[in-house]
K.L.:
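This is the structure, below, for whatever I ask next.
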Amino acid sequence: MSATASDSIMETGTFVNCFLLVISLVIIPVNGGYDKERDALLKGTFPQDFIWSSATAAYQIEGAWNVSDKGPSVWDTLAHQGRVYNQDTGDVACDSYHKYPEDVALMKQMGLKYYRFSISWPRIFPTGEQQDGVNQDGVRYYNALINELIANDIQPMVTLFHWDLPQVLQDRYGGFLNNHTTNTTVIHDLFGDYARFCYQNFGDRVKYWITFNEPWITSWLGYGVGNFAPQHNEPAEGQYKAAHNIILSHAKAYHIYDDEFRAAQNGQVGITLNCDWGTPKTPADADAAIRYIQFSMGWFAHPIFKNGDYPEVMKTTMTRKAQEEGRTTSRLPEFTPEQKAYISGTGDFFGLNHYTTVEVTDACCTPIENPNYDTDKDVGTGHAPDWPRAASSWLYVVPWGIRNLLGFIKEEYGDPEIYVTENGRSDHDQDPAIMMDMERICYYMMYTNEVMKASNMDNVKVKAYTAWSLLDNFEWLSGYSERFGLHYVDFNDPTRTRYPKASSVFFKQLVRNNGYPEGSEFTKYVENMWYFCHNTTEAEVNGYTGGASQISSLFSLFLAIPMMIAYSLIA
Ligand code: PNW
């Protein structure tokens, strides 16, 4: 608030204006760097066939960790060793194994036409290997879920691997570290067998397959840092070996679909990659920001969507590091020419999980005693002081980042069809529960509007937007302490009752409006909340516009949510 603006308020001399000024200073502490052009609300709608969805993952919601013949996964092992916050486990989680009809009913109530969930590999093959036996109850469960979805006019979008590797495969073969540069690797074939079994049993009804969710996490956190399951700590090389195997396993599952199922089933197979947008801290950091993205998303996207091989900058950087470290070979493995041909072009769509943005600085070329993936990138990362934060330590709210990232994917990978397969915001688990989750509403509002800008202004082929998550659930190492759900789940209640948060009502209206159409009631609410959501005021953005506008924006802010809820109940 500038001096001139507050002067003019004082001149009007009304109590109301002073009161409102004080309120707005209290509840709106900082202008989060609002840019009038960049951050303006875009009105309009998504393309007619746009897909609105919500997502979950097996270990995070199913529970029933050992019913019938289900085998343990690496996450069962990790959690049972007490390594999760508060010693939480996924043993019961949201109990979706039993309560899936309620989950489907919640989606139906929200008007969602798609649901992204994952299949637990050890629930299908207890050891991970088909020859050791199939758990028929697992097949029954996923058939029942898929049938329930179809009966409610909701299309399944299925992830084959969302981190819950069968423990036996880790023990027998080292999981994704299995002989990554020899011809005797079995993990590709085993993943292929699992994928084939899923296509055979569910592919008549499932038309969207995602082979791997966020292989970056499995590779780096699972096999490099080793804090995520299976907690293998080998930060110089583990992640490169695991990624190599995951890329080849993905390609195998893609080709099996192509060769054996596509003609009859006519579905699509893609992969979901996670990426933060990396924005250069200064113009001199521009190359570093690109390098950051090439080392994270490009590591997987470049082979699959470009030419079968790792990004140039990754290869040259790692070759230089090998020389500096006195190694004869790079820590980054090489694909053979046959493998490159096999990998290239194995994505019918590009799945993107995006949550946040980092500020990147060049940290080039410091000699490193104990090299690891983080130092290999030669970058530093940080966050601008005015970026608001969510409950998860890594989650800063920077809506314009997703538009930049979508534009980057369009340019870099030949304009693929992009499915946003996750985006969302966490709250702390606290008492009383956060049911009027304004900040999540703001997050969805701002991020989906940026996705619409990418679609309608930048011509990015964004086909889907998926909210993470349908339910509060087991947030990996954070257990139940971080809540991403559109629905609240009480994890102390044995019946795991679900309660809609205000954000589910907002999301329902968003889906119904297919965006932000000019003139709709919904868009009016959004307009009224826009500046609040951006931590600023209309006065600050447009210059002080008088008491009436202050009153109207505060009034609508406090009334918008209850009104929306009332609206949805009668609608
Ligand atoms: C994704 N990080 O994971 C996953 O696909 C979901 O299973 C998860 O619940 C969701 O995002 C929210 O975290 C991530 O540490 C896990 O930067 C960790 C990070 C990012 C994404």
Side-chain angles (χ1 to χ4, degrees), residues 53-62 73-75 78-79 84-85 88 90 93-94 96 115-120 157-165 210-222 224-229 231 239 246 270-278 292-293 295-297 300 351-358 373-374 377 381-383 387 389-398 401-402 405 419-429 440 443-444 447 466-487 489:
S53 178
S54 73
T56 62
Y59 188 69
Q60 296 181 275
I61 66 160
E62 284 178 2
S73 78
V74 291
W75 272 95
L78 181 153
V84 174
Y85 177 82
D88 287 341
C94 305
S96 288
Y115 177 41
R116 174 177 178 236
F117 66 92
S118 81
I119 293 181
S120 159
M157 193 177 278
V158 176
T159 310
L160 290 170
F161 184 85
H162 201 124
W163 308 353
D164 44 358
L165 183 77
I210 294 164
T211 55
F212 285 86
N213 177 69
E214 302 192 352
W216 182 92
I217 294 263
T218 309
S219 303
W220 176 226
L221 300 188
V225 182
N227 57 346
F228 273 31
Q231 297 202 317
Q239 64 281 357
I246 291 177
I271 186 166
T272 279
L273 307 178
N274 59 301
C275 194
D276 303 340
W277 176 242
Y292 172 83
I293 292 175
F295 261 85
S296 49
M297 182 171 69
F300 303 91
L352 175 69
N353 288 357
H354 173 82
Y355 289 88
T356 195
T357 287
V358 294
Y373 165 81
D374 259 346
K377 289 177 277 187
T381 54
H383 303 90
W387 290 349
R389 303 184 66 166
S392 309
S393 60
W394 48 271
L395 211 172
Y396 291 73
V397 181
V398 190
I402 197 169
L405 182 58
Y419 290 55
V420 176
T421 43
E422 283 180 31
N423 181 236
R425 183 195 185 283
S426 51
D427 285 324
H428 291 288
D429 174 37
R440 180 167 298 102
Y443 186 99
Y444 282 132
Y447 272 77
T466 312
W468 183 271
S469 175
L470 177 68
L471 305 170
D472 290 338
N473 58 45
F474 178 86
E475 179 51 25
W476 307 111
L477 288 184
S478 303
Y480 300 102
S481 68
E482 292 171 19
R483 295 176 173 272
F484 277 89
L486 291 159
H487 298 88
V489 180

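Everything quoted here is computed from the prediction, not taken from an experiment. Just follow the structure's listing: the first ligand is 1, and inside any ligand the first atom is 1.
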K.L.:
Would Asn274 count as a contact residue for ligand 1, given that I'm defining contact as a non-hydrogen atom of the residue lying under 4.0 Å from a ligand atom?
P.N.:
no
K.L.:
What is the closest protein heavy atom to atom 4 (C) of ligand 1, and at what distance does it sit?
P.N.:
Glu422 OE1, 3.3 Å
K.L.:
Using a 4.0 Å cut-off to any heavy atom of Asn353, which atoms of ligand 1 qualify?
P.N.:
5 (O)
K.L.:
Out of all atoms in ligand 1, which are within 4.0 Å of some heavy atom of Glu475? Include the element for each.
P.N.:
8 (C), 9 (O), 12 (C), 13 (O)
K.L.:
So is Glu482 touching ligand 1 or not, going by heavy atoms under 4.0 Å?
P.N.:
no
K.L.:
Tell me, do His354 and Tyr447 make a side-chain contact under 4.5 Å, heavy atoms counted?
P.N.:
yes
K.L.:
Ignoring hydrogens and geometry, is there a side-chain-to-backbone donor-acceptor pair from Asn473 to Leu471 under 3.5 Å?
P.N.:
yes
K.L.:
Is the backbone of Phe474 close enough, under 3.5 Å, to the side chain of Gln60 for a donor and an acceptor to pair up by distance?
P.N.:
yes
K.L.:
Nearest protein heavy atom to atom 3 (O) of ligand 1, by residue and atom, and its distance?
P.N.:
Glu214 OE1, 3.2 Å
K.L.:
Does a side chain donor of either Asn274 or Tyr355 reach within less than 3.5 Å of an acceptor in the other side chain?
P.N.:
no
K.L.:
Quick check: Trp163 and ligand 1, any N/O pair under 3.5 Å apart?
P.N.:
no
K.L.:
So, Asn213 side chain and Thr272 main chain: donor-acceptor pair closer than 3.5 Å or not?
P.N.:
no
K.L.:
Can you tell me if Tyr59 uses its side chain to pair, donor with acceptor, with the backbone of Gly90 under 3.5 Å?
P.N.:
yes
K.L.:
Out of all atoms in ligand 1, which are within 4.0 Å of some heavy atom of Asn213? Include the element for each.
P.N.:
5 (O)
K.L.:
Which of the numbered atoms in ligand 1 are below 4.0 angstrom from a heavy atom of Trp394?
P.N.:
2 (N), 13 (O), 15 (O), 17 (O), 19 (C), 20 (C)
K.L.:
At a 4.0 Å threshold, what atoms of ligand 1 neighbour a non-hydrogen atom of Tyr355?
P.N.:
10 (C), 11 (O), 12 (C)
K.L.:
Does Asp427 come within less than 4.0 Å of Arg483, counting only side-chain N to carboxylate O?
P.N.:
no
K.L.:
Between Phe228 and Trp163 (judged by ring centroids, cut-off 6.0 Å), do the two rings come close enough to count as a pair?
P.N.:
yes
K.L.:
Thr421 and Asn353: side-chain donor and acceptor closer than 3.5 Å?
P.N.:
yes
K.L.:
Considering distance alone, does some N or O of Asn473 sit under 3.5 Å from an N or O of ligand 1?
P.N.:
no
K.L.:
Heavy-atom contacts with His162 under 4.0 Å: which atoms of ligand 1 show up? List them by number with element.
P.N.:
4 (C), 5 (O), 6 (C), 7 (O)
K.L.:
Looking only at protein heavy atoms, which one is nearest to atom 16 (C) of ligand 1, and what is the separation?
P.N.:
Ile217 CD1, 3.8 Å
